[in-house]
Structure formats: C-alpha cells, structure tokens
Amino acid sequence: MEFVIDPGHPCLPGHFPGRPVVPGVVVLDRVVAAIEQQHGPLPALRLPRVKFLQPLLPGEVARIELEPLAPMPAARWRFRVLRAEATIASGDIATGGAGPQP
C-alpha cells in the first residue's frame, strides 16, 4: 500500500514549524490502516518493537510492506515503511491478546 501525507495535513504546522516532518504516529496510523484494509477492524493493538530510521516529509510517497507472523486471535505483523528503497520505519504490531514475544 502506498500513501502520501498532504502538505496541508493538520498535524504538520506544529511538527516542526518551518520544516515540517510527518509525525511517527501518523505513519503508524497508515500501517494500521493497511492491516485493517486486509483483515478488517482490529481489537486493541500493541507495538512491541518500532524503529524510526529516517524522516518522512509531506508530499513524499511511502510504501508499506506487511509480513504476517501469527494469525488471529493473537495476530502479529512485521512491517516496513519505505520511501523508494530507503526504510523510514520498521517494527511489529500485535493484537492485545498476543502471547510471548518470539
């Protein structure tokens, strides 16, 4: 799934004035939306591992890659968010009922 955060997005003026950067929570929201697009609404989620490696700027095209690690009810996905081939963010998202970490 690809996405672009519009330069007029309401989160940008305060993050950071004069040189806006897309907040990590907005990037993670897009990752959750990509999972829900494939699997429907999700219960409470955990983020056992997340790394932000590079900033995403407004107007840049980003791509989400998902790898399912465990099925429902204790579902878990590994994700990467990329700009071209550069990794912006990576990590794991799990439903609240997920068991022990691998």
Side-chain angles (χ1 to χ4, degrees):
M1 174 183 153
E2 288 189 347
F3 70 94
V4 175
I5 302 302
D6 186 271
H9 192 284
C11 74
L12 296 173
H15 201 268
F16 298 93
R19 184 157 163 65
V21 175
V22 177
V25 68
V26 174
V27 173
L28 293 175
D29 182 62
R30 296 301 171 107
V31 172
V32 171
I35 295 170
E36 287 185 329
Q37 185 178 354
Q38 293 179 7
H39 301 282
L42 297 171
L45 297 172
R46 297 181 302 110
L47 298 163
R49 184 182 68 82
V50 176
K51 291 183 183 181
F52 292 97
L53 304 168
Q54 294 188 23
L56 178 63
L57 302 179
E60 291 184 324
V61 176
R63 181 177 81 252
I64 298 169
E65 294 180 350
L66 295 171
E67 176 188 354
L69 300 177
M72 289 296 224
R76 187 177 180 122
W77 297 268
R78 181 150 296 140
F79 70 87
R80 286 191 332 145
V81 181
L82 302 112
R83 176 185 52 247
E85 296 306 313
T87 301
I88 295 168
S90 65
D92 293 353
I93 292 183
T95 58
Q101 306 303 310

TODO: For residues Arg83 and Pro55, report the shortest heavy-atom separation together with the two atoms involved.
DONE: NH1-O, 2.7 Å

- [ ] Identify the two heavy atoms, one from Pro10 and one from Pro13, that lie closest to each other, and give their separation to 0.1 Å.
- [x] O-CD, 3.4 Å

Task: Leu28 and Phe52, any side-chain heavy atoms less than 4.5 Å apart - done: yes

TODO: Look up atom CG in Leu56 and atom CZ in Arg30, then write down how far apart they are to the nearest 0.5 Å.
DONE: 10.0 Å

Open item on the list: Closer than 3.5 angstrom, by distance alone: can the side chain of Thr95 be matched with the main-chain N or O of Leu42 as a donor-acceptor pair?
Closed with: no

Open item on the list: To the nearest 0.5 Å, what is the distance between CD on Glu65 and CG on Leu82?
Closed with: 5.0 Å

- [ ] Check the pair Arg80 / Glu67 against side chain to side chain contact (heavy atoms under 4.5 Å, CB included), numbers first and verdict last.
- [x] CA-CA 9 Å; Arg80 286 191 332 145; Glu67 176 188 354; over 6 Å; no

- [ ] Identify whether Leu57 and Val4 are in the same connected component of the hydrophobic contact network (ILVMFWY, side-chain heavy atoms under 4.5 Å).
- [x] no

- [ ] Identify the heavy atoms of Pro58 and Pro7 that sit nearest to each other, and give their distance.
- [x] CB-CA, 3.7 Å

Task: For the student: nearest non-hydrogen atoms of Cys11 and Pro23, plus distance - done: SG-CD, 3.4 Å

Task: Within-4.5 Å side-chain heavy-atom neighbours: Pro48 and Arg76 - done: yes

Task: Shortest non-hydrogen contact from Gln54 toward Ala86 - done: NE2-CB, 3.8 Å

Task: Same apolar cluster (I L V M F W Y, side chains within < 4.5 Å links), Val21/Ile5 - done: no

Task: CE-CG distance between Met1 and Leu66, expressed to the nearest 0.5 angstrom - done: 9.0 Å

Open item on the list: Against Leu47, only a single residue in Val32, Val31, Ile93, Asp92 fulfils side chain to side chain contact (heavy atoms under 4.5 Å, CB included); can you say which?
Closed with: Ile93

TODO: Go through the steps for Val27 and Phe79 under the test side chain to side chain contact (heavy atoms under 4.5 Å, CB included), then give the verdict.
DONE: CA-CA 11 Å; Val27 173; Phe79 70 87; over 6 Å; no

TODO: Flag yes if Val25 and Ile35 sit in one hydrophobic cluster, no otherwise; membership is Ile, Leu, Val, Met, Phe, Trp, Tyr, and two members link when side-chain heavy atoms are under 4.5 Å apart.
DONE: yes

